[in-house]
Amino acid sequence: MRIAAAAAAAGRDAAGVRLLAVSKTWPADSVREAAAAGQRAFGENYVQEGVAKVEALAGLGLEWHFIGPLQSNKTRLVANHFAWVHSIDRLKIAERLSEQRDVHLPPLEVCIQVNVSGEASKGGVAPADAEALAMAVAALPRLRLRGLMAIPEPTADVALQRARFASLRGLRDRLNAAGLALDTLSMGMSDDLEAAIAEGATMVRVGTAIFGARA
Ligand SMILES: *Cc1c(COP(=O)(O)O)cnc(C)c1O
């Protein structure tokens with residue numbers, strides 16, 4: 001309902017905004033309930049926890065997205081249990097995913113995570129380095145580069161939220177002008193999805209507003 005209202009306010013078709021239900025820390029039964037209510041795409045942050053749910057719910061035909069920080073020693077599990085990875089921020093990780101993705105699976109859909117708020121503690125490639133990384137990732141076999149993802153700093157300042165999301169959209173537009181065909185902007189969470197949709201989000205990643213507060 002918030003997505004539909006935000007899309008209408010922005011003059012956008014709500015069908016252009018996909019909802020990714022972020023189920024991290026919630027048990028497989030919570031995912032099952034959401035799936036029974038019609039939700040199909042789920043996001044997980046932690047490799048072991050995510051893989052366990054993917055395997056437990058394998059019969060449900062769900063689409064699993066890995067959205068957390070990814071170390072090189074965990075890439076094989078992610079490459080073969082998920083349909084999407086949103087958190088690519090260095091070439092080495094993308095190369096490993098490309099090598100390890102089972103050739104019998106469809107290409108792994110990936111987004112490059114960009115550190116749009118410049119926080120030292122945050123994952124994501126610096127905006128200035130995003131084009132080189134995107135070009136290199138786009139050339140790798142068994143991956144399909146779909147777009148960009150960002151997790152801006154939490155703020156109640158809606159103008160600042162919008163500025164961060166607008167900067168990701170601007171970067172996407174520049175990469176497309178440079179020859180890529182990126183159709184995905186993965187941006188917006190429970191507290192800032194309206195601003196993200198106003199700035200062109202095509203996928204919002206929502207945990208708390210669906211499942212409740214995490215312990
Ligand atoms: C936890 C998380 C979310 C969801 O956050 P909420 O505030 O609970 O909606 C979205 N994206 C990423 C990358 C996350 O880690």
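As a basis for the values below, the full set of heavy atoms in this structure was taken, side chains included, without hydrogen atoms, waters or symmetry mates. Both ligands and their constituent atoms are indexed starting at 1 by order of listing. For clarity, every value in this text was computed on a predicted model and none was experimentally measured. Residue numbers count from 1 along this sequence.
By the ring pair (Phe, Tyr, Trp, His ring centres under 6.0 Å) test, Phe165 pairs with no residue at all, sequence neighbours left out.
Sequence neighbours left out, the pairs with a member in residues 3-27 that pass side chain to side chain donor-acceptor pair (under 3.5 Å) are Arg18-Glu63, Ser23-Glu44. Residue pairs meeting the ring-ring contact (aromatic ring centres under 6.0 Å, His included) criterion with at least one member in residues 27-62, sequence neighbours excluded, are Phe42-Trp64.
Between Glu99 and Arg142, none of the side-chain N atoms (NZ, or NE/NH1/NH2) sits under 4.0 Å from a carboxylate O, so this pair counts as no salt bridge.
Under the 4.5 Å side-chain heavy-atom criterion for ILVMFWY residues, a single connected hydrophobic cluster contains both Met187 and Leu175.
Listed by chain and number, residues touching ligand 1 at under 4.0 Å (heavy atoms only) are Val22, Lys24, Asn45, Ile67, Ile151, Met189, Ser190, Arg205, Val206, Gly207, Thr208, Arg214.
Side-chain contact between Gln161 and Thr155 is present, with at least one heavy-atom pair separated by less than 4.5 Å.
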